[in-house]
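Counting begins at 1 with the first residue of the sequence.
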Amino acid sequence: MIHYKCRQGFYPSSNVNRFDVPENKVSWNIEYAEYKPVEYTAPVLKGKPWADPEISEVSFKPNWNSIDGKVNRKSFTGNYVLNKDGYPLNPIGRTGIIGRGLLGRWGPNHAADPIVTRWKRNAGGAPEINKDTKKPILQFVTIQRRDSGEWAIPGGMVDPGETVSTTLKREFMEEAMNSLEKSKEEREKLEKSVRDFFENGEEIYKGYVDDPRNTDNAWMETVALNFHDYDNSIVGKITLVAGDDARNVKWMDIDKSLNLYANHSEFIKKTIQKHDAHW
């Protein structure tokens, strides 16, 4: 179910409880006369330069479903619709809450997720094989989110006018290499060491994300790319240090018991299939 984690109880970092939306009432095409979603936009968004103002503000005239100046208001799901009051509607359906919640933009909020992988190797340097599936074990770089404590892919928001490839490299360096705490010289050296590595990723997923921050009027979308260190010679040998929004960071073995933030587990499963690795 693509719309599961954004319908669960309390909205993140708040005491706001979502209006209950049964699975058979998610779609806007299904009548739900009793539906009275709670309105919530986090106070922390007020006045932030990266956040939209309220839709009721006279000066706010967004170009929906298009590139609006430097802000990408297009959705990977196709054109979304506006309700009678001019609010964009979540293309997947009801979430039990209206407003923006913790999200900066009305409508789609675009992120990028770098799935950095390597083969798990034994003491002799050979790929480790799972005894049950007889397939090599894949590892990926995962961060523990500071807000929820959940493990996740070290991604983040695409800044206005920024290319996805730039976002992927920047977010990985900030969250898994703690680049923000390093000197300018250290940062440049670090960036140089991974520049070529982040040039050639393979697209794993592009679309809507079942993110717990989603609302009826604001939602997350992402592009997830896989960057594989075939012989552990680049990222595989760099010391990982948690930074920015990350509480912890590590190389994690991948198997079917993974339970990650939002629907990141689905991205990892697709990556496993691409590499024909143990699951």
Side-chain angles (χ1 to χ4, degrees), residues 1-48 51-58 60-66 68 71-111 145 147-150 152 157 205-222 259-267 269:
M1 181 65 193
I2 196 172
H3 224 201
Y4 176 74
K5 292 197 175 182
C6 61
R7 292 186 290 128
Q8 301 304 306
F10 286 97
Y11 188 85
S13 304
S14 80
N15 58 359
V16 177
N17 201 11
R18 294 177 183 271
F19 192 89
D20 182 55
V21 181
E23 196 164 312
N24 63 350
K25 294 291 177 67
V26 169
S27 172
W28 297 112
N29 296 325
I30 306 297
E31 189 173 334
Y32 190 8
E34 304 83 5
Y35 187 54
K36 291 183 172 50
V38 183
E39 183 172 359
Y40 178 65
T41 295
V44 70
L45 296 182
K46 194 168 180 64
K48 290 292 189 295
D52 286 339
E54 292 301 314
I55 282 184
S56 57
E57 284 198 19
V58 180
F60 184 48
K61 301 187 187 310
N63 293 313
W64 304 114
N65 291 301
S66 64
D68 185 16
V71 178
N72 182 7
R73 299 193 188 275
K74 296 170 93 171
S75 170
F76 294 133
T77 65
N79 283 355
Y80 48 91
V81 300
L82 307 181
N83 67 14
K84 59 182 175 58
D85 298 314
Y87 289 80
L89 282 181
N90 188 311
I92 305 301
R94 301 178 177 97
T95 66
I97 199 163
I98 57 176
R100 271 177 300 153
L102 286 164
L103 298 178
R105 304 284 176 201
W106 296 102
N109 288 255
H110 290 281
R145 291 178 63 98
D147 55 1
S148 66
E150 294 173 280
M157 308 304 290
Y205 179 82
K206 181 163 73 174
Y208 181 90
V209 180
D210 182 20
D211 193 290
R213 295 170 294 180
N214 291 352
T215 73
D216 286 5
N217 311 122
W219 60 91
M220 289 296 302
E221 299 191 12
T222 198
N259 182 22
L260 302 175
Y261 178 80
N263 56 338
H264 287 189
S265 296
E266 289 301 312
F267 307 162
K269 186 176 181 180

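- No salt bridge links Asp210 with Lys5; every basic N to acidic carboxylate O contact stays at or beyond 4.0 Å.
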Does Phe267 form a side-chain contact (heavy atoms from CB on, under 4.5 Å) with Thr222? I'd like the steps, not just the answer. CA-CA 11 Å; Phe267 307 162; Thr222 198; 3.8 Å; yes
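- Side chain of Trp106 to backbone of Trp64: no donor-acceptor contact under 3.5 angstrom is found.
- One finds the CZ atom of Arg73 at 8.0 Å from the CG atom of Asn63 (value rounded to the nearest 0.5 Å).
- Taking OG of Ser148 as the reference point, atom OH of Tyr261 lies at 6.0 Å (rounded to 0.5 Å).
- Of all non-hydrogen atoms in Asp52 and Phe60, the two that sit nearest each other are CG-CZ, 3.7 Å.
- Among all heavy-atom pairs drawn from Pro212 and Pro12, the shortest one is O-CD, 3.3 Å.
- Here the CZ atom belonging to Arg213 is positioned 9.5 Å from the OG atom belonging to Ser13, to the nearest 0.5 angstrom.
- By the neighbour-count criterion of 12 heavy atoms within 6.0 Å, atom NZ of Lys48 is densely surrounded, having more than that number from other residues, nucleotides or ligands.
- Side chain to side chain, Ser56 and Glu54 fail the donor-acceptor criterion of an N or O pair below 3.5 Å.
- For the pair Asp211 and Trp219, the minimum side-chain heavy-atom distance is 4.5 Å or more.
- In this structure a side-chain-to-backbone donor-acceptor pair under 3.5 Å is present from Asn217 to Gly99.
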Using distance only, find each side-chain donor-acceptor pair of residues 87-96 under 3.5 Å and give its atom names and separation, not counting sequence neighbours.
{"residue": "Asn90", "atom": "OD1", "partner": "Ile92", "partner atom": "N", "Å": "2.9"}
{"residue": "Asn90", "atom": "OD1", "partner": "Tyr208", "partner atom": "OH", "Å": "3.4"}
{"residue": "Asn90", "atom": "ND2", "partner": "Tyr208", "partner atom": "OH", "Å": "3.1"}
{"residue": "Asn90", "atom": "ND2", "partner": "Thr215", "partner atom": "O", "Å": "3.0"}
{"residue": "Arg94", "atom": "NH1", "partner": "Lys25", "partner atom": "O", "Å": "2.7"}
{"residue": "Arg94", "atom": "NH1", "partner": "Ser27", "partner atom": "O", "Å": "2.8"}
{"residue": "Arg94", "atom": "NH1", "partner": "Ile30", "partner atom": "O", "Å": "3.1"}
{"residue": "Arg94", "atom": "NH2", "partner": "Ile30", "partner atom": "O", "Å": "2.9"}
{"residue": "Thr95", "atom": "OG1", "partner": "Ile97", "partner atom": "N", "Å": "3.4"}
{"residue": "Thr95", "atom": "OG1", "partner": "Ile97", "partner atom": "O", "Å": "3.2"}
{"residue": "Thr95", "atom": "OG1", "partner": "Asp216", "partner atom": "N", "Å": "3.1"}
{"residue": "Thr95", "atom": "OG1", "partner": "Asp216", "partner atom": "OD1", "Å": "2.8"}

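- Without hydrogens or angle criteria, Tyr80 side chain to Asn65 main chain gives a donor-acceptor distance under 3.5 Å.
- Of all heavy-atom pairs spanning Leu260 and His264, the tightest one is CB-CB, 3.8 Å.
- Here the closest non-hydrogen pair linking Ala218 and Asn109 is CB-ND2, 4.1 Å.
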Evaluation steps, side-chain contact (heavy atoms from CB on, under 4.5 Å), between Glu266 and Tyr205: CA-CA 9 Å; Glu266 289 301 312; Tyr205 179 82; over 6 Å; no
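- Considering CZ of Phe19 and CD of Glu39, their distance stands at 15.0 Å, rounded to 0.5 Å.
- In this structure, the side chains of Val26 and His3 come closer than 4.5 Å at one or more pairs of heavy atoms.
- The number of heavy atoms from other shown groups lying within 6.0 Å of CD (Glu57) is above 12.
- When all heavy atoms of Arg7 and Pro22 are compared, the pair lying nearest together is NH1-C, 3.7 Å.
- The distance from the CD1 atom of Ile55 to the CZ atom of Arg100 is 8.0 Å, given to the nearest 0.5 Å.
- We find the CG-CG distance between Asp147 and Leu102 to be 8.5 Å, quoted to the nearest 0.5 Å.
- In this structure, Tyr35 and Val21 have side chains that are in contact, with non-hydrogen atoms separated by less than 4.5 Å.
- Looking at Met220 and Asn214, their side chains come closer than 4.5 Å, going by heavy atoms from C-beta outward.
- Looking at Glu221, its side chain does come within 3.5 Å of a backbone N or O of Phe76 through a donor-acceptor pair.
- Between the Asp68 side chain and the Val71 main chain, no donor and acceptor come within less than 3.5 Å of each other.
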